[in-house]
*Asks:* 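Input: one structure, supplied below.
Excluded from the calculations below are hydrogen atoms, water molecules and symmetry mates; all remaining heavy atoms, backbone and side chain alike, are included. Throughout, protein chains are lettered first and strands after them, A, B, ... in sequence-line order, and every chain is numbered starting at 1.
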Amino acid sequence: MDATKSRPGAADRYDPQAIEKKWQAKWEADQLYRTPDDAPGGRPKWYALTMLPYTSGDLHIGHWFAMSPSDAAARYRRMTVYNVLFPMGFDAFGLPAENAAIKNGAHPAEWTFANVEHMRAQLKLMGAMFDWSREVITASPDYYRWTQWWFLQLLKHDLAYKKKASVWWCPKDQTVLANEQVVDGKCERCETVVAKRDLEQWFFRITKYADELLDFSGLEWTDQVASMQRNWIGRSEGAHLSFGLDVAGVDTKEITVFTTRPDTVFGVSFFVLAPEHPLVEQITTPEQRAAVQAYVNAARKESEIDRLSTEREKTGVFTGAYVTNRFNGKPVPVWIADYVLATYGTGAVMGVPGHDQRDFDFAKKYGLPIIPVFKHPDWDGGELTAALPHGGTMINSGPLDGTPDEIAVATAIKYAEEQAFGKGAVTYRLRDWLISRQRMWGAPIPVIYCDDHDAVPVPEKDLPVLLPDDAEFCPTGESPLTYHQGFLNTTCPTCGKPAKRETDTMDTFMCSSWYQMRYIDPHNEERPFSRELARKWLPVDQYTGGAEHAVMHLLYTRFFTKAARDMGIVEPGEPMVRLFNQGQILGPDGQRMSKSRGNVVAPDSQVERWGADTFRAYLMFLGPWDQGGPYDASGITGIYRWLNRAWNAVTAHVPVGAQPAAPETRALRRWTHKTIKKVTEDIEDVHFNTMIAAMMEFTNELIRLRESGAEVDGDAWREAVESLALLLAPPCPHIAEELWQRLGKPYSVHTQPWPKYDEALARADEVEVAVQVNGKVRDRLLLPLDAPEDVARARALESASVSAHVAGKEIARVIYVPNRLLNIVVKG
RNA sequence: GCCGGGGUGGCGGAACUGGCAUACGCAGCGGACUUAAAAUCCGCCGGUCGCAAGACCUUGUGGGUUCGAGUCCCACCCCCGGUACCA
């Protein structure tokens with residue numbers, strides 16, 4: 001019996017469950033993935049980070065989709081030259097824990113930490129190179145102590161302050177609701193109609209960094225993310241213009257608007273305040289009071305998304321009051337309308353229906369005058385049917401008449417400044433970061449309220465302000481901190497008199513704004529991290545995570561880093577140099593996977609059935625990583641078959657004997673080097689799907705060779721199978737380790753240098769070139785690499801199918817793209 | 001609504017910088033091996049017409065630029081993410 005064709009015995013078959021368990025245990029025992037702060041041999045650092053999971057309970061297929069390619073990339077970096085830090089932790093504060101607590105009557109900590117245990121065990125099945133000695137859990141006191149410390153630093157540097165802001169309020173449950181808890185304007189628990197209510201809350205001055213946050217130079221982030229963040233920040237240049245106010249009994253004598261079109265100020269025919277604007281109540285006349293009150297109440301029940309819809313018909317109510325347009329002395333009626341937001345600009349806008357479509361629609365509806373202030377060349381001077389676009393020169397504008405469009409804004413600002421009616425200004429859509437949450441399961445804001453000393457920061461030595469472990473949850477969702485006497489009552493750090501603690505906790509985005517700094521020194525009890533280690537490891541070299549975090553989380557962490565830099569805590573001004581946002585994996589029904597929808601595919605069952613390596617590779621193979629999409633498990637068998645073929649190719653005995661110089665040897669080596677090249681480029685470019693496809697083709701070629709029974713050159717074959725084992729190491733770490741060992745190579749495959757390719761060996765000798773006549777492919781030629789045009793042309797014209805389409809016609813043009821195509825353009 | 005992304009065979013997808021559309025895999029069909037099945041290996045596999053050679057059509061829809069468009073431009077339709085208290 002021929003040894004090469006024999007069926008392998010049971011012990012020699014690919015058995016993922018056995019080898020994965022074996023190697024995971026060995027790696028852990030050897031601490032293979034423990035990252036030293038100083039690597040021997042002066043290997044440069046590489047900080048690879050993937051977004052930490054929320055402690056939802058079960059590891060989701062989406063976590064594997066996010067983490068296993070990140071792990072492959074980190075492993076690849078490790079095999080090149082780097083000392084790679086690849087930590088993992090848990091985002092453990094947040095609303096779902098409270099919902100679970102209300103439902104089960106248990107403390108959120110119980111639910112959360114049980115979830116951590118379970119999820120960590122699930123994560124370990126992945127066989128990733130996480131350094132678990134650096135694990136961080138944001139809800140543990142030794143972490144949130146430092147989250148509180150950050151709050152105090154920001155407060156100290158005037159980057160934190162208090163002001164009123166509105167929140168959704170359920171009058172029946174007496175509790176604040178998150179946006180997602182409001183469904184069709186009703187409380188999701190009790191279906192009571194909800195409305196906004198104003199509360200005193202803490203803010204961070206992220207707007208101070210707005211301009212700096214617009215600067216992405218030095219960052220290797222995708223254009224999509226940069227563009228989304230730029231639009232979110234929404235920088236607008238224009239002017240603040242003040243309008244005179246003279247209402248009996250009202251002290252305020254002017255109202256300021258922000259406008260990007262100060263040049264149209266002579267065309268103002270109405271004035272609009274946000275319904276929440278503090279002056280509304282004061283200036284409304286008795287006749288208008290009822291209508292205004294009703295409109296304000298209705299506006300408090302609307303979401304911002306609805307209010308800002310440009311599709312919806314504009315509505316508003318006249319307050320009965322007037323302001324004076326200081327530019328021409330004319331009175332202007334003051335309206336309120338829900339499309340004006342209190343949180344943008346000054347919460348007041350001037351209505352110029354001649355040159356703004358929204359204002360035009362509003363004026364038409366309410367019969368307000370339309371005064372054009374530019375003589376647009378396309379406008380015949382008749383009645384307008386829409387707002388006029390930019391263009392022309394100024395009219396109806398007193399001293400500014402005749403100013404051309406191009407310099408109108410600058411001229412108007414200069415005039416306003418001279419007359420002291422206003423000045424040039426920049427406004428941002430970005431708002432300061434509201435961090436107060438009226439919830440229990442978050443890091444308590446370390447502030448104490450004293451009758452004599454107002455808001456007093458908790459001294460750093462008294463941190464952490466611990467969450468009580470005996471909190472009781474009402475079914476209403478009210479924060480238990482507000483009635484927990486032990487937590488609430490304390491003494492003032494300044495005077496020692498009885499005082500009350502702040503009962504609000506911090507937004508969980510705060511926990512995740514600095515966790516990348518804690519991983520570098522996770523057990524430090526003196527400070528959040530040491531300066532020396534920060535200098536060594538920061539910033540993160542490669543960050544990956546879901547596209548859903550493209551704006552908020554990533555803007556917050558950028559802000560935190562900039563603030564930390566200005567406070568002298570860290571050196572770099574950006575947290576992450578490279579960013580990659582992977583797509584979201586959906587349920588087989590195309591919907592977001594969730595327990596309530598019943599469309600969750602559990603990773604554990606996939607791993608049990610196919611093994612972690614197969615599942616990892618399948619997730620990478622599914623499609624481009626930045627796209628995501630519905631999960632369909634039916635193709636996974638293809639990956640399993642491939643790994644079996646790879647196993648057989650590497651472990652099989654193949655007859656040796658061909659000469660090194662034989663064309664077959666050259667062909668085998670070409671496959672090897674071509675594959676190393678493709679895999680290297682794809683992993684660098686984050687194209688995991690085509691990386692796997694290239695390895696499949698290579699494997700198929702090796703199987704074909706083996707099946708043919710032909711003799712191969714021993715060195716070339718060894719180079720091929722050893723390369724395959726090395727290339728498998730990032731995506732499929734377990735089978736790679738096992739094959740490497742079976743090849744008789746030294747442990748571990750994961751500490752080997754990444755294979756190098758030889759460009760000359762990877763190159764093909766001959767290429768197929770398409771021959772087109774008038775853009776239609778008529779034949780294909782096998783030509784030597786980089787064949788000159790005349791050779792290609794002569795060969796093409798020899799072809800019967802080509803000459804049939806060229807015969808009797810005049811060749812007008814020939815386009816030749818070497819190694820690709822020859823296009824003959826004929827006339828007649 | 002607004003901002004960002006996407007739409008290619010029955011399915012997931014590939015295609016350098018505008019140059020052979022459908023790589024790789026799944027499913028399906030046919031064959032080899034087997035007492036049989038599984039596994040494995042080999043072959044076929046976008047559509048229409050045709051006995052065939054071949055011809056024509058095809059990348060969400062409609063238009064445009066170009067020798068040549070999945071790729072660039074204009075308009076539109078549908079799907080996904082975000083929209084500031086889900087994380």
*Asks:* Do you know which two heavy atoms are closest between A:Asn689 and A:Gly623, and how far apart they sit?
*Replies:*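 Shortest heavy-atom separation between A:Asn689 and A:Gly623 comes out as ND2-C, 3.5 Å.
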
*Asks:* If we take the P atom in both B:rA21 and B:rA75, what is their distance in whole Å?
*Replies:*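 Per the computed distance, 29 Å lies between those P atoms.
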
*Asks:* If you measure from the P atom in B:rC45 to the same atom in B:rA23, how many Å do you get, rounded?
*Replies:* 10 Å

*Asks:* Per the salt bridge (Lys or Arg N to Asp or Glu O under 4.0 Å) rule, what does the pair list look like for residues 433-445 of chain A, sequence neighbours excluded?
*Replies:* A:Arg437-A:Asp507

*Asks:* Taking the six-membered ring for Trp, is the centroid-to-centroid distance between A:Trp514 and A:Tyr143 below 6.0 Å?
*Replies:* yes

*Asks:* For the P atoms, the ones on B:rC56 and on B:rA37, what distance do you get once it is rounded to whole angstrom?
*Replies:*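 Approximately 45 Å lies between the P atom of B:rC56 and that of B:rA37.
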
*Asks:* Compare the minimum distances between each of B:rC20, B:rG4, B:rA27 and the side chain of A:Ser227, then state the nucleotide with the smallest one.
*Replies:*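 Output: B:rG4.
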
*Asks:* Does anything in residues 195-204 of chain A pair up under salt bridge (Lys or Arg N to Asp or Glu O under 4.0 Å), and if so which pairs, sequence neighbours excluded?
*Replies:*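 Sorted pair list: A:Asp198-A:Arg300.
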
*Asks:* Say we look at B:rC85 and B:rG5: how far apart would their C1' atoms be, to the nearest angstrom?
*Replies:*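 Roughly 26 Å separates the two C1' atoms.
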
*Asks:* Between B:rU66 and B:rU83, how far is it from one P atom to the other, in whole Å?
*Replies:* 44 Å

*Asks:* Could you run through nucleotides 47-58 of chain B and give me one letter per nucleotide, 5' to 3': B if any protein heavy atom sits under 4.0 Å from the base, S if only the sugar-phosphate is that close, - if neither?
*Replies:* --------SSS-

*Asks:* Is the number of heavy atoms from other residues, nucleotides or ligands under 6.0 Å of A:Arg609 CZ greater than 12?
*Replies:*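 No, the 6.0 Å shell around CZ holds no more than 12 heavy atoms from other groups.
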
*Asks:* Just by distance, no angles: are the side chains of A:Thr482 and A:Thr503 close enough, under 3.5 Å, to form a donor-acceptor pair?
*Replies:*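 No, A:Thr503 and A:Thr482 have no side-chain donor paired with an acceptor closer than 3.5 Å.
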
*Asks:* Any chance the rings of A:Phe203 and A:Trp433 have centres within less than 6.0 Å?
*Replies:*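 That pair fails the under 6.0 Å test.
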
*Asks:* Mind checking what makes side-chain contact (heavy atoms from CB on, under 4.5 Å) contact with A:Arg235, not counting sequence neighbours?
*Replies:* A:Asp211, A:Leu214, A:Glu237, A:Val426, A:Tyr428

*Asks:* Report, as a single string ordered 5' to 3', how protein heavy atoms within less than 4.0 Å touch nucleotides 74-85 of chain B: B base, S sugar-phosphate only, - not at all.
*Replies:* -------BSBBB

*Asks:* Between atom NZ in A:Lys674 and atom P in B:rC24, what is the gap in whole Å?
*Replies:*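 Distance check: A:Lys674 NZ to B:rC24 P gives 11 Å.
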
*Asks:* Is the number of heavy atoms from other residues, nucleotides or ligands under 6.0 Å of A:Asp685 CG greater than 12?
*Replies:* yes

*Asks:* Just to be sure I understand the rule, does A:Asp306 reach a base, reach only the sugar-phosphate, or reach nothing, if contact means heavy atoms closer than 4.0 Å?
*Replies:*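 If one applies the 4.0 Å heavy-atom cut-off, A:Asp306 turns out to touch nothing in the nucleic acid.
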
*Asks:* Do the ring centers of A:Tyr54 and A:Phe90 come within less than 6.0 Å of each other?
*Replies:*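 Not close enough - the centres of the two rings lie 6.0 Å or further apart.
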
*Asks:* What is the distance, to the nearest angstrom, from the CZ atom on A:Arg641 to the P atom on B:rC42?
*Replies:* 12 Å

*Asks:* What residues form a side-chain contact (heavy atoms from CB on, under 4.5 Å) with A:Val773, not counting sequence neighbours?
*Replies:* A:Arg778, A:Val802, A:His805, A:Val806, A:Val826

*Asks:* Of all residues at least two apart in sequence or in a different chain, which pass the ring pair (Phe, Tyr, Trp, His ring centres under 6.0 Å) check with A:Tyr344?
*Replies:* none

*Asks:* What distance, rounded to whole Å, do you find between the two C1' atoms, one in B:rC67 and one in B:rG54?
*Replies:*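 Comparing C1' positions in B:rC67 and B:rG54 gives a spacing of 25 Å.
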
*Asks:* Which pairs would a plain distance check flag for residues 638-645 of chain A, meaning a side-chain donor or acceptor within less than 3.5 Å of a matching protein atom at least two apart in sequence or in another chain?
*Replies:*
| from | atom 1 | to | atom 2 | distance (Å) |
| --- | --- | --- | --- | --- |
| A:Arg641 | NE | A:Thr637 | OG1 | 3.4 |
| A:Arg641 | NH2 | A:Thr637 | OG1 | 3.3 |
| A:Trp642 | NE1 | A:Thr699 | OG1 | 3.0 |
| A:Asn644 | ND2 | A:Tyr640 | O | 3.0 |
| A:Arg645 | NE | A:Asn700 | OD1 | 3.0 |
| A:Arg645 | NH2 | A:Asn700 | OD1 | 3.2 |

*Asks:* Distance only, no hydrogens: is a donor on one side chain within 3.5 Å (strictly under) of an acceptor on the other, for A:Asp432 and A:Tyr161?
*Replies:* yes

*Asks:* What's the CD-P distance between A:Gln229 and B:rG5, to the nearest Å?
*Replies:*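 Spelled out: CD on A:Gln229 to P on B:rG5 is 14 Å.
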
*Asks:* Pick the P atom in B:rA69 and in B:rG60, then give their distance to the nearest Å.
*Replies:* 15 Å

*Asks:* Could you go through the ring-ring contact (aromatic ring centres under 6.0 Å, His included) check for A:Trp610 and A:Phe615 one step at a time?
*Replies:* CA-CA 7 Å; A:Trp610 306 103; A:Phe615 189 45; over 10 Å; no

*Asks:* Under 3.5 Å between N/O atoms: give me all the protein pairs with nucleotides 66-69 of chain B, atom names plus distance.
*Replies:*
| from | atom 1 | to | atom 2 | distance (Å) |
| --- | --- | --- | --- | --- |
| B:rC67 | OP1 | A:Arg813 | NH1 | 3.4 |
| B:rC67 | O2 | A:Asn823 | ND2 | 2.6 |

*Asks:* Can you tell me which residue among A:Arg307, A:Lys301, A:Arg312 is in a salt bridge (charged side-chain N to carboxylate O under 4.0 Å, His left out) with A:Asp338?
*Replies:*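 Only one option passes, and that is A:Arg312.
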
*Asks:* Would you mind calling B:rG9 syn or anti? Take O4'-C1'-N9-C4 for purines or O4'-C1'-N1-C2 for pyrimidines, and syn is within 90° of 0.
*Replies:* syn

*Asks:* Heavy atoms under 4.0 Å is the rule here; annotate nucleotides 11-16 of chain B 5' to 3' with B where the base is hit, S where only the sugar-phosphate is, and - elsewhere.
*Replies:* -BSS-B

*Asks:* Between which residue ranges does RNA chain B form stems of three or more consecutive Watson-Crick or G-U wobble pairs, both distances under 3.5 Å?
*Replies:*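 The stems that RNA chain B takes part in, listed by first number, are B:1-7 with B:77-83, B:10-12 with B:24-26, B:28-32 with B:40-44, B:46-49 with B:54-57, B:60-64 with B:72-76.
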
*Asks:* Roughly how many Å is it from CD in A:Gln224 to P in B:rC2, rounded to a whole number?
*Replies:* 20 Å

*Asks:* Expressed in whole Å, how much space separates the C1' atoms belonging to B:rC41 and B:rC77?
*Replies:*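 47 Å, rounded to whole Å.
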
*Asks:* Identify, with sequence neighbours excluded, every residue that meets side-chain contact (heavy atoms from CB on, under 4.5 Å) alongside A:Glu502.
*Replies:* A:Lys162, A:Trp202, A:Ile445, A:Val447, A:Tyr449, A:Asp504

